[in-house]
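Inspection log for the structure reproduced underneath, given as structure tokens.
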Amino acid sequence: MTRARTDATLVAALVVAGCLSPLAAAATDATGKWRFERAGAPPEFVDVAQSGSTLTLHYLGHDFTGTVSASGDYTVDAGPNLPPPCSAQMDGRVLPSGNTLDGRLLVAQGATCYDYPYITEVVGTRCSCFDGNAIDGDGCSAECQVEPCFTCSGNPSVCIPSLPGASCEDGSVCTTGETCGVEACGGGSAVVPCVDMTGDWSVHFDAGGFGSADTQVAITQRGHDVVFHNASGAPGYVGAIDPATGEFHFRQVGQGIRCTFEPLDGTVAPGGNTFSGTGYSSVSTATQCFAIFFTATGTRGHCSDGAIEGGEECDDGNQAAGDGCNASCRVEPCHTCSGEPSVCTPTPGTPCDDHNPCTVNDICNGTSCGGIPVADGTACDDEANCTNGTCAAGACSPAGAFVCPPCMGCEVGSGCIAAPRTCGQSTDRSKSVLSLSNLSDDGHDKLAWVWPRGEATTLAQLGNPLATDSYALCLYDLSGTRPALLFRAMAPAGGTCAGRSCWRAHGSGGFSYVDPDRTPDGIARIGLHAGPAGKARVSVTAIGPHLSGRPFGLPSPALPLPLLLQLGAEHAACFETTYVGTGVLRNDPTSGRFRARGN
């Protein structure tokens with residue numbers, strides 16, 4: 001099934017997904033006039049002032065005051081200016097460009113406070129002009145941006161037309177050197193390669209067993225900054241894109257007091273007409289925030305308008321399923337489509353795949369795909385649906401859940417995928433050091449990891465490695481749109497090593513693992529020490545040829561970044577550290593050595 005993880009760990013595991021742009025963040029002064037928008041309310045022009053790390057802004061009729069970091073993360077609060085029990089605060093970030101911000105606004109709800117939603121998303125765009133009206137065509141647009149072939153100055157702004165031949169900006173990051181003509185800004189030359197997402201898009205979200213959804217969005221891209229708006233005009237995902245590669249990192253506000261921001265990370269395909277990505281939606285409970293992972297595919301243009309645009313495979317003018325062209329403008333199995341609007345017809349007799357492990361020789365029969373059932377009682381592993389069992393009447397009758405190898409989990413529709421868990425953190429992550437050597441002589445390969453000063457960990461949380469709880473060391477590559485398993489090593493429960501028990505208990509203090517033969521995967525020692533916050537600790541040492549020459553064996557530097565290292569047992573606690581570029585001390589492909597401090 002699709003795995004759920006707490007929001008705090010997701011932020012680490014997905015590299016603060018959606019919170020970092022592909023560009024390096026730099027200190028930005030946010031002082032100026034901004035246009036703030038949120039769902040269900042008209043835009044509001046807001047004065048923002050920044051002095052050092054102090055940030056103030058006047059919004060909703062009140063003064064918000066707080067702090068902003070050098071990287072642009074901010075928190076402001078209007079509490080001191082409101083009568084109890086009313087409260088209002090907003091936290092978010094200013095994008096590296098300094099021209100766009102997002103925020104999560106929390107306000108007390110009730111007749112004596114506000115009538116606004118308790119939690120809502122706020123998106124701000126820095127004004128490049130402000131003439132006091134919301135009219136386009138006068139030089140300063142309704143969105144407080146200088147229009148092409150105008151020059152604006154003053155406050156309120158006075159805008160005058162540019163002379164023909166003057167340089168101008170047509171609003172697209174993918175053109176340069178434009179000049180003013182008689183009626184418009186144009187000419188210039190194309191920037192190649194380049195992606196400009198501005199336009200209408202159809203987006204399909206697929207959360208496997210949790211369902212799917214299709215939506216239409218309008219996307220605006222200014223330089224590296226991207227903002228989504230839904231069909232009602234409410235802002236959604238906000239973030240940054242690298243126009244040269246199409247790589248993007250977006251996020252939107254999650255719902256529920258315990259949920260913060262939901263990421264969407266991915267890449268726009270060459271040509272700029274489709275994108276693919278991964279993210280998660282948050283679900284708030286009384287005690288924590290859970291995440292439901294999804295994949296997202298976007299197609300430029302309006303699906304269901306009858307015109308085939310961007311990466312659409314078909315468009316029959318509706319969003320009904322089962323007629324050959326589905327709600328995402330993709331051709332359905334056992335159909336062929338042509339024309340605009342598309343006309344789709346069945347293709348009986350053609351080979352197909354019904355994704356059923358209990359059928360063979362699948363073929364289209366009318367508009368459905370099916371095959372010949374295998375014998376009843378045949379074992380079936382339906383990894384795609386995360387079940388296993390036996391075949392009966394052509395269907396896999398589930399007898400239990402499909403069990404993936406350690407460090408992985410089963411996702412409906414995808415099967416076994418890398419699946420980081422929610423794990424304990426060190427209270428001083430900079431002391432959590434990972435060292436790795438992958439040398440030409442496998443006998444000298446080595447991995448060492450220390451997790452000191454850990455959060456409070458009880459003996460019961462460590463499980464029973466003496467008999468039932470095997471521990472797995474998992475190293476994940478977080479550089480892509482979703483985690484990938486880079487390395488795995490096991491320390492099996494129980495067993496004997498060199499004539500003695502591999503695992504040993506140390507009273508209420510914890511457990512240790514010692515294997516002079518370093519089988520099966522190279523782990524020589526593990527130390528698990530329970531204790532209060534700051535006193536719990538974990539260490540792992542792995543040496544020798546068993547580390548390499550196998551699936552998910554020891555990787556060779558230079559290692560991709562960020563990395564996430566976890567040690568844990570399926571039914572016991574786990575421990576983790578994330579390593580990003582700022583903590584890397586060595587990542588040398590020549591020497592084969594890697595060393596980093598946690599972040």
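- You'll find the side chain of Tyr74 stays beyond 4.5 Å of the side chain of Asp91, heavy atoms only.
- Shown here for Tyr579 and Ala596, the closest heavy-atom pair between the two residues is CE2-O, 3.4 Å.
- Side-chain contact of Ser426 with Arg453: a donor-acceptor pair under 3.5 Å is absent, judged by distance alone.
- Side-chain atoms of Glu455 come within 3.5 Å of backbone atoms of Gln425 as a donor-acceptor pair (strictly under, hydrogens ignored).
- In this structure the side chain of Asp265 never reaches within 4.5 angstrom of the side chain of Arg251, judged on heavy atoms.
- Between the CG atom in Asp445 and the CG atom in Leu436 there is a gap of 8.0 Å [rounded to 0.5 Å].
- The two residues Ala296 and Leu264 make their nearest non-hydrogen contact at CB-CD1, 3.9 Å.
- Side chain of Asn599 to backbone of Thr582: no donor-acceptor contact under 3.5 angstrom is found.
- How far CG of Asp354 is from CG of Asn361: 10.5 Å, rounded to the nearest 0.5 Å.
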Between Leu561 and Val580, is the side-chain contact (heavy atoms from CB on, under 4.5 Å) condition met? List the steps. CA-CA 6 Å; Leu561 296 169; Val580 302; over 6 Å; no
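- Rounding to the nearest 0.5 Å places CZ of Arg597 at 12.0 Å from CG of Leu434.
- Of the inter-residue distances, the one linking Leu567 atom CG with Arg421 atom CZ reads 9.5 Å to the nearest 0.5 angstrom.
- Rounding to the nearest 0.5 Å gives a distance of 10.5 Å between CZ of Arg586 and CZ of Arg595.
- Here the side chain of Ser276 pairs no donor or acceptor atom with the backbone of Thr297 at under 3.5 angstrom.
- Contact record, Phe294 with Phe205: CE1-CD2, 3.6 Å, taken as the closest heavy-atom pair.
- Disulfide check for Cys410/Cys404 fails, with the SG atoms at least 2.5 Å apart.
- Side-chain N or O atoms of Asn273 include none that pairs as donor or acceptor with a backbone N or O of Arg300 at under 3.5 Å.
- Side-chain contact between Lys431 and Val450 is absent, with no heavy atoms from C-beta onward closer than 4.5 Å.
- Heavy-atom neighbours of Arg222 CZ from other residues, nucleotides or ligands within 6.0 Å: above the threshold of 12.
- In this structure, Pro555 and Leu475 have side chains that are in contact, with non-hydrogen atoms separated by less than 4.5 Å.
- Here the side chains of Asp588 and Pro557 are not in contact, with every heavy-atom distance at 4.5 Å or above.
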Kindly indicate, with the supporting measurements, whether the criterion side-chain contact (heavy atoms from CB on, under 4.5 Å) is fulfilled by Leu447 and Leu473. CA-CA 11 Å; Leu447 183 149; Leu473 185 69; 3.7 Å; yes
Could you give the side-chain donor-acceptor pairs of residues 517-530 under 3.5 Å, partners two or more places apart or in another chain?
unit_1 : atom_1 : unit_2 : atom_2 : d
Thr519 : OG1    : Asp515 : OD2    : 3.3
Asp521 : OD2    : Met490 : N      : 2.9

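- Taking the six-membered ring where tryptophan is involved, the planes of Phe228 and Phe275 are perpendicular, since the angle between them exceeds 60° and thus also 30°.
- Residues Gln461 and Ala456 share a closest heavy-atom pair of OE1-O, 3.9 Å.
- Contact check for Pro516 versus Cys497: side-chain heavy atoms found under the 4.5 Å cut-off.
- Sulfur-sulfur distance for Cys423 and Cys574: below 2.5 Å, consistent with a disulfide.
- In this structure the side chain of Phe511 reaches within 4.5 angstrom of the side chain of Leu459, judged on heavy atoms.
- Side-chain atoms of Arg104 do not come within 3.5 Å of backbone N or O of Phe261 as any donor-acceptor pair.
- Side-chain contact annotation: His444 with Ser437, donor-acceptor N/O pair under 3.5 Å absent.
- The backbone N or O of Pro406 lies less than 3.5 Å from a partner atom in the side chain of Arg488, making a donor-acceptor pair.
- Nearest heavy atoms, Thr457 versus Trp451: OG1-CH2, 4.4 Å.
- Taking all atoms of both residues into account, the shortest heavy-atom contact from Val195 to Gln221 is O-NE2, 3.0 Å.
- Here the straight-line distance linking atom CG of Leu585 with atom CZ of Phe594 works out to 8.5 Å at 0.5 Å rounding.
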For side-chain contact (heavy atoms from CB on, under 4.5 Å), just list the numbers for Leu439 and Arg593, CA-CA rounded to whole Å, side-chain angles, deciding distance to a tenth of an Å, and then say yes or no. CA-CA 8 Å; Leu439 309 179; Arg593 289 181 166 85; 3.9 Å; yes
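- In this structure, the side chains of Pro483 and Pro420 come closer than 4.5 Å at one or more pairs of heavy atoms.
- Formation of a donor-acceptor pair under 3.5 Å by the Asp469 side chain with backbone atoms of Asn464 is found in this model.
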From CA spacing to verdict: disulfide (SG to SG under 2.5 Å), Cys391, Cys358: CA-CA 6 Å; Cys391 292; Cys358 293; 1.9 Å; yes
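- For Arg504, the CZ atom is densely surrounded, since the number of other residues' heavy atoms within 6.0 Å is greater than 12.
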Are Cys407 and Phe487 close enough, and set up right, to give a side-chain contact (heavy atoms from CB on, under 4.5 Å), and what steps lead you there? CA-CA 9 Å; Cys407 308; Phe487 170 77; over 6 Å; no
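- Note: Tyr513 and Trp503 have tilted aromatic rings, judged against thresholds of 30 and 60 degrees for the angle between ring planes.
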